[in-house]
Number of protein chains: 2
Amino acid sequence: MSQHVSCNECSLSPVCLPLAVAPAQLDQLDNIIHRGRPLKRGEHLFRASDNFEAVYAVRSGAIKTYVLSDQGDEQVTGFYLPGEVLGMDGISTAHHVSNAKALETATVCEIPFAQLENLSQKIPSLQHHFFSLMSNEIRADRELHMLLSKKNADDRVASLLLSLSARHQRRGLSSRVFRLPMSRYDIANYLGLAVETVSRIFTRFQQNGWLRAEGREVEILDRGKLCGHDPALEDSL
Amino acid sequence: MSQHVSCNECSLSPVCLPLAVAPAQLDQLDNIIHRGRPLKRGEHLFRASDNFEAVYAVRSGAIKTYVLSDQGDEQVTGFYLPGEVLGMDGISTAHHVSNAKALETATVCEIPFAQLENLSQKIPSLQHHFFSLMSNEIRADRELHMLLSKKNADDRVASLLLSLSARHQRRGLSSRVFRLPMSRYDIANYLGLAVETVSRIFTRFQQNGWLRAEGREVEILDRGKLCGHDPALEDSL
DNA sequence: CGGGCAGTTGAAAGTTGTCAATAGTAGTGG
DNA sequence: CCACTACTATTGACAACTTTCAACTGCCCG
């Protein structure tokens with residue numbers, strides 16, 4: 001497997017950073033990007049104590065980010081799929097504040113932030129796109145805030161399933177059948193629930209005929225009913 | 001009251017956008033800022049349907065942001081005090097996704113975003129500061145995520161009180177005695193609790209001798225014990 | 001001065017968490 | 001290649017925290 005897929009040849013370019021850069025300038029972006037060796041399941045991309053040097057775009061696999069409280073318990077703060085950018089929470093502090101860990105074998109593009117800032121000075125559309133990315137992150141957090149604050153356990157699980165489905169579709173994959181890259185524990189942790197609760201909800205969704213799940217393989221059988229659990233999502237697909 | 005306090009003369013400049021701009025260039029920032037008439041309590045600064053034109057720095061008073069679900073119920077997503085910048089969630093969509101409403105009489109500086117982007121092309125430190133601001137917002141959302149996901153009602157209320165306290169101190173005001181700009185309803189909504197729960201917790205904190213509260217006036221009597229409720233905050237002040 | 005909203009308090013109900021036990025799965029190493 | 005082990009997932013019973021419903025007080029603004 002070549003580790004030197006340029007942005008030009010990367011199938012993710014329509015959904016990744018290159019979408020903000022004119023073809024003529026794509027080389028400039030391409031030149032600052034480092035493509036590292038694949039991460040194995042469980043390996044860290046960065047840790048909370050590391051200096052903040054770069055942001056990362058997922059090329060394959062999946063990454064989870066999490067923070068540790070002082071008591072040492074973990075809070076999963078996000079799941080990142082191919083084409084998505086992570087690591088932006090470190091900009092203001094010069095060191096990362098969260099940890100990033102591969103949920104499965106994953107490859108990432110490393111984008112040194114200082115150079116990205118320089119390039120953003122020259123390419124306004126890149127600057128704007130990066131503002132947009134961060135703005136999207138904030139917006140997603142607002143929705144998560146509502147999810148955690150107002151929605152019951154069923155709605156939370158349904159919402160995550162539909163979010164993953166939509167993000168698969170964005171990459172041209174099936175929005176109906178896909179594989180969850182994360183464990184039930186990670187799902188529970190992310191959604192502020194107990195694992196047992198998540199497990200029971202998966203069972204109930206299947207009993208209702210809304211979902212088929214075998215381990216991490218899921219098939220969405222009745223999107224409407226899953227949305228119905230959270231009508232706010234009715235139109236999202 | 002003059003509505004034309006330049007950044008030069010503004011007491012908030014050490015904690016607001018100007019902190020990222022060299023004195024020699026401050027005029028350039030100052031020139032793009034609009035200082036509107038004060039907002040009365042309950043007035044909107046912007047609404048979710050509005051076009052996204054600008055971000056806003058609070059000069060006095062307090063603003064809350066909120067989103068409405070499709071069922072029409074409100075989720076308070078943030079409280080903004082003097083020196084804090086809001087409205088950045090609209091960058092990616094060209095229209096605002098949240099609403100911003102004055103909790104009390106408030107004045108704000110309006111910073112047209114297109115011009116801010118242009119200026120950021122010329123002043124690298126301004127671009128960086130703006131990235132930092134958004135990064136901070138994301139980081140705060142991560143902490144809120146943990147709060148809503150893992151902490152009980154007591155910890156959530158304590159955490160909000162201590163956050164407000166720290167933000168007062170940042171402006172050189174008392175971190176011990178201050179006035180809450182928001183209602184118990186807003187606090188409850190923001191923290192994902194029922195008003196009754198918040199009210200009971202205020203009562204209990206007072207019975208424990210940790211807090212004095214008369215309406216919206218609060219005095220923190222035992223910061224340690226409030227932190228103790230959420231040891232993650234022990235060192236924040 | 002009055003009405004409506006903000007705030008407080010009590011009792012009951014419900015959703016979710018905790019504890020415990022069991023089954024299934026995947027990675028490891030012989 | 002298979003067995004072992006540790007982790008992931010599921011299910012049930014019970015407990016706990018928080019919500020909901022209801023009533024009441026007080027205050028602010030019109």
Side-chain angles (χ1 to χ4, degrees), chain A residues 40-43 62 64 73-76 101-105 147-161 179-208 211-218 229-230, chain B residues 40-43 64 73-76 101-105 146-161 179-208 211-218 229-230:
Chain A
K40 282 201 281 277
R41 198 165 108 88
E43 267 189 287
K64 80 167 177 186
D73 46 30
E74 178 176 322
Q75 173 65 55
V76 175
K101 190 180 193 176
L103 289 167
E104 55 194 21
T105 304
L147 203 67
L148 296 177
S149 165
K150 292 241 187 320
K151 304 293 185 178
N152 63 24
D154 288 37
D155 289 346
R156 295 188 202 179
V157 173
S159 175
L160 178 62
L161 289 171
R179 182 181 169 76
L180 302 172
M182 72 293 282
S183 69
R184 302 283 194 272
Y185 283 83
D186 285 331
I187 293 174
N189 188 307
Y190 177 72
L191 295 175
L193 300 170
V195 199
E196 293 91 332
T197 305
V198 172
S199 187
R200 279 185 252 269
I201 289 170
F202 268 79
T203 303
R204 187 147 13 97
F205 281 176
Q206 290 184 82
Q207 286 166 349
N208 295 350
L211 188 75
R212 200 178 54 73
E214 287 174 36
R216 296 187 176 186
E217 298 291 338
V218 298
H229 251 286
D230 184 355
Chain B
K40 282 200 283 276
R41 199 164 106 89
E43 265 188 286
K64 79 167 178 187
D73 45 31
E74 179 176 322
Q75 174 64 57
V76 175
K101 192 180 190 175
L103 288 167
E104 54 194 22
T105 304
M146 161 122 31
L147 203 68
L148 296 177
S149 166
K150 293 239 187 319
K151 304 293 186 179
N152 63 23
D154 288 36
D155 289 346
R156 296 187 202 179
V157 173
S159 175
L160 178 61
L161 288 171
R179 181 183 168 75
L180 301 172
M182 73 293 281
S183 69
R184 302 285 193 272
Y185 283 85
D186 285 331
I187 292 174
N189 187 308
Y190 177 72
L191 295 175
L193 300 170
V195 199
E196 293 91 333
T197 305
V198 171
S199 185
R200 278 185 254 269
I201 290 170
F202 268 79
T203 302
R204 189 151 7 101
F205 281 176
Q206 290 184 83
Q207 286 166 349
N208 294 349
L211 188 75
R212 200 178 53 74
E214 287 175 36
R216 299 187 175 185
E217 298 292 337
V218 298
H229 252 286
D230 183 355

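Chain letters run A, B, ... following the sequence lines, proteins first and then strands; every chain starts at 1.
Distance, B:Leu180 CG to C:dA6 P: 15 Å, rounded to whole Å. Nucleotide C:dG17 holds its P atom 13 Å from the CG atom of B:Asn152, rounded to whole Å. Summarising the geometry, the separation between CG on A:Leu103 and P on D:dT8 is reported as 12 Å, rounded to the nearest angstrom. One interatomic measurement links the two molecules: CD1 of A:Ile187 to P of D:dA9, which rounds to 8 Å at whole-angstrom precision. Rounded to a whole Å, the CZ atom of A:Phe202 is 12 Å from the P atom of D:dT11. As rounded to whole Å, 13 Å separates atom C1' of C:dG24 from atom CD of A:Glu214. The distance between atom NZ of B:Lys150 and atom P of C:dT18, rounded to the nearest whole Å, is 10 Å. Atom P of nucleotide D:dT11 and atom CZ of A:Phe205 are separated by 14 Å, given to the nearest angstrom.
The side chain to side chain contact (heavy atoms under 4.5 Å, CB included) with B:Asn189 is formed by just one residue from the set B:Val198, B:Val76, B:Val195; it is B:Val76.
Side-chain N/O atoms of B:Arg200 and base N/O atoms of C:dG7 include no donor-acceptor pair closer than 3.5 Å.
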### Task
For side-chain contact (heavy atoms from CB on, under 4.5 Å), just list the numbers for A:Lys151 and A:Ser159, CA-CA rounded to whole Å, side-chain angles, deciding distance to a tenth of an Å, and then say yes or no.
CA-CA 10 Å; A:Lys151 304 293 185 178; A:Ser159 175; over 6 Å; no

### Query
Can A:Glu74 and A:Asp186 be said to form a side-chain contact (heavy atoms from CB on, under 4.5 Å), step by step?
CA-CA 10 Å; A:Glu74 178 176 322; A:Asp186 285 331; 4.2 Å; yes

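Nucleic acid contact class of A:Arg216 (heavy atoms, under 4.0 Å, all strands): sugar-phosphate only.
We find the OG1-CG distance between B:Thr197 and B:Leu191 to be 10.5 Å, quoted to the nearest 0.5 Å. A:Leu161 CG to A:Leu180 CG: the interatomic distance, rounded to the nearest 0.5 Å, is 6.5 Å.
Across residues 192-199 of chain B, B:Gly192, B:Leu193, B:Ala194, B:Glu196, B:Thr197 each have a non-hydrogen atom less than 4.0 Å from an atom of DNA chain D (numbered order).
When the side-chain nitrogen and oxygen atoms of A:Thr203 are compared with OP1 and OP2 of D:dT11, one or more of them lie within a distance under 4.0 Å.
Within the 3.5 Å criterion, the main-chain N or O of B:Arg184 finds no donor-acceptor partner in the side chain of B:Arg216.
Contact detail for A:Lys40 and A:Ala102: the closest heavy-atom pair is O-CB, 3.5 Å.
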